[in-house]
Amino acid sequence: MNPEPASRLNELSNKILSYGKENLTDILHVLEKALRLLSQRSRSRVYLEDLTRGVLACSQASGPYADLILLKSFPINNTSFAVSRVYINQEEMVMEDSAAQSSPYARELAEKFDIAASYLIPLVHEGRALGVVCIDSGQIGQIPTPLQRDQLKHFMAQVTPVIDQ
């Protein structure tokens with residue numbers, strides 16, 4: 001990463017790390033900027049666990065259909081859904097062609113929100129899953145590069161403890 005984006009990323013990381021638990025909305029807003037910088041993609045989703053409802057609720061979305069995507073949630077304990085599977089298994093997932101997924105719900109969601117490809121990262125702190133970050137694209141195969149994925153995982157590992165507050 002060249003110095004200017006690295007400096008900006010460091011600034012965004014420090015900003016998130018300075019927030020307290022009452023600033024989740026601000027944290028997610030700054031996180032969206034960092035995701036955009038790291039992935040070079042304008043579309044992202046952040047799902048956080050809502051244990052009272054038993055779902056992963058969309059807490060942040062950017063790009064086309066963001067307002068509608070914010071209304072979507074996934075059951076915490078159902079591996080039929082990619083977001084839920086990443087949360088349960090605590091392992092990243094690369095979907096280069098969302099339409100090729102075996103789940104009819106995944107294909108329907110991909111078509112409805114024009115998500116042709118997606119990279120999903122679990123949010124994990126101290127061995128416990130908190131949620132899932134998705135970097136989306138409207139084009140098949142357009143996912144973050146291996147270097148970008150490593151940088152995204154590293155950044156998320158830095159800021160997830162703040163989200164866990």
Side-chain angles (χ1 to χ4, degrees), residues 1-2 5-6 8-9 12-13 27-50 53-125 127-160 163:
M1 184 176 291
N2 70 41
R8 178 73 177 130
L9 185 62
L12 294 171
S13 175
I27 291 167
L28 294 172
H29 178 74
V30 176
L31 178 60
E32 187 272 327
K33 290 178 182 181
L35 295 173
R36 185 182 300 247
L37 180 65
L38 285 165
S39 70
Q40 298 299 300
R41 306 283 187 286
S42 62
R43 300 173 67 175
S44 64
R45 297 173 281 151
V46 177
Y47 294 90
L48 297 176
E49 64 185 3
D50 179 342
R53 295 185 335 173
V55 299
L56 293 164
C58 189
S59 301
Q60 180 276 321
S62 63
Y65 310 105
D67 291 342
L68 294 174
I69 290 171
L70 283 168
L71 302 175
K72 285 291 183 191
S73 59
F74 294 95
I76 283 179
N77 59 357
N78 187 334
T79 58
S80 298
F81 304 95
V83 170
S84 302
R85 192 166 44 250
V86 168
Y87 173 83
I88 292 166
N89 297 335
Q90 297 183 14
E91 295 176 2
E92 68 183 327
M93 179 184 288
V94 175
M95 293 189 330
E96 292 194 46
D97 185 356
S98 299
Q101 296 301 305
S102 59
S103 164
Y105 184 78
R107 290 192 308 271
E108 177 188 328
L109 188 71
E111 185 177 316
K112 183 175 184 177
F113 298 120
D114 189 31
I115 299 172
S118 191
Y119 172 59
L120 295 81
I121 312 162
L123 294 174
V124 179
H125 182 236
R128 188 178 75 77
L130 311 171
V132 177
V133 170
C134 307
I135 306 296
D136 301 322
S137 174
Q139 296 182 336
I140 293 172
Q142 191 178 67
I143 55 169
T145 66
L147 176 60
Q148 289 171 327
R149 294 194 303 257
D150 286 345
Q151 291 171 336
L152 284 160
K153 287 186 287 189
H154 178 73
F155 183 83
M156 295 312 303
Q158 283 183 306
V159 301
T160 298
I163 295 169

Could you walk me through whether Arg43 and Glu32 pass the salt bridge (charged side-chain N to carboxylate O under 4.0 Å, His left out) test, one step at a time?
CA-CA 9 Å; Arg43 300 173 67 175; Glu32 187 272 327; over 6 Å; no

Separation between CZ (Arg36) and CG (Leu12), nearest 0.5 Å, reads 11.5 Å

Backbone of Ile143 reached by a side-chain donor or acceptor of Arg41 within 3.5 Å
yes

Contact check, side chains of Ile121 and Leu152, non-hydrogen atoms, under 4.5 Å
yes

Under 4.5 Å between any side-chain heavy atoms of Ile135 and Leu35, yes or no?
yes

Please report the interatomic distance CZ(Phe81) to CZ(Phe74), rounded to the nearest 0.5 Å.
7.0 Å

Tell me if a side-chain donor or acceptor on Ser39 pairs with a main-chain N or O of Pro144 at a distance below 3.5 Å.
no

With the side chain counted from C-beta on, respond yes when Arg149 and Val94 share a heavy-atom pair under 4.5 Å apart, and no when they do not.
yes

Minimum heavy-atom distance Leu70-Ala61, with the two atoms named:
CD2-N, 3.8 Å

So, the side chain of Asn89 versus the backbone of Glu91: is there a donor-acceptor pair under 3.5 Å, distance only?
no

Between the main-chain N or O of Pro75 and the side-chain N or O of Ser84, is there a donor-acceptor pair closer than 3.5 Å?
yes

Using 0.5 Å steps for rounding, measure from the CD1 atom of Ile140 to the CD atom of Glu96.
10.0 Å

Strictly distance-based, threshold 3.5 Å: is any side-chain N or O of Gln90 a donor or acceptor partner for the main-chain N or O of Tyr87?
no

How far apart are the C-alpha atoms of Lys112 and Glu108, what are their side-chain angles, what is the distance that settles it, and do they pass the salt bridge (charged side-chain N to carboxylate O under 4.0 Å, His left out) test?
CA-CA 6 Å; Lys112 183 175 184 177; Glu108 177 188 328; 5.8 Å; no

Residue pair Leu31, Ile163: steps toward the side chain to side chain contact (heavy atoms under 4.5 Å, CB included) verdict:
CA-CA 10 Å; Leu31 178 60; Ile163 295 169; 4.2 Å; yes

Going from OH on Tyr47 to CG on Leu120, what distance comes out if it is rounded to the nearest 0.5 angstrom?
8.5 Å

Apply side chain to side chain contact (heavy atoms under 4.5 Å, CB included) to the pair Tyr119 and Met95, showing each step before the final yes or no.
CA-CA 6 Å; Tyr119 172 59; Met95 293 189 330; over 6 Å; no

Could you check whether any side-chain N or O of Arg85 sits under 3.5 Å from a backbone N or O of Thr79, counting only pairs where one atom can act as donor and the other as acceptor?
yes

Just by distance, do the side chain of Thr160 and the backbone of Met156 share a donor-acceptor pair under 3.5 Å?
yes

Note: Ser98 and Ser118 closest approach over all heavy atoms is OG-N, 4.4 Å

Can you check whether Pro64 reaches Phe113 side chain to side chain, under 4.5 Å on heavy atoms?
no

Is any side-chain heavy atom of Arg45 closer than 4.5 Å to a side-chain heavy atom of Val133?
no

A side-chain contact here means heavy atoms from C-beta on lying under 4.5 Å apart; do Cys134 and Val83 qualify?
yes

Minimum-distance pair of heavy atoms, taken over all atoms of Gln40 and Leu37:
NE2-O, 2.6 Å

Gap between atom CG of Leu48 and atom CG of Leu123 - 0.5 Å precision:
6.5 Å

For the CG atom of Asp136 and the OG atom of Ser44, what is their distance to the nearest 0.5 Å?
7.5 Å

Residue pair Ile76 / Asp50: nearest heavy atoms and the distance that separates them
CD1-O, 4.2 Å

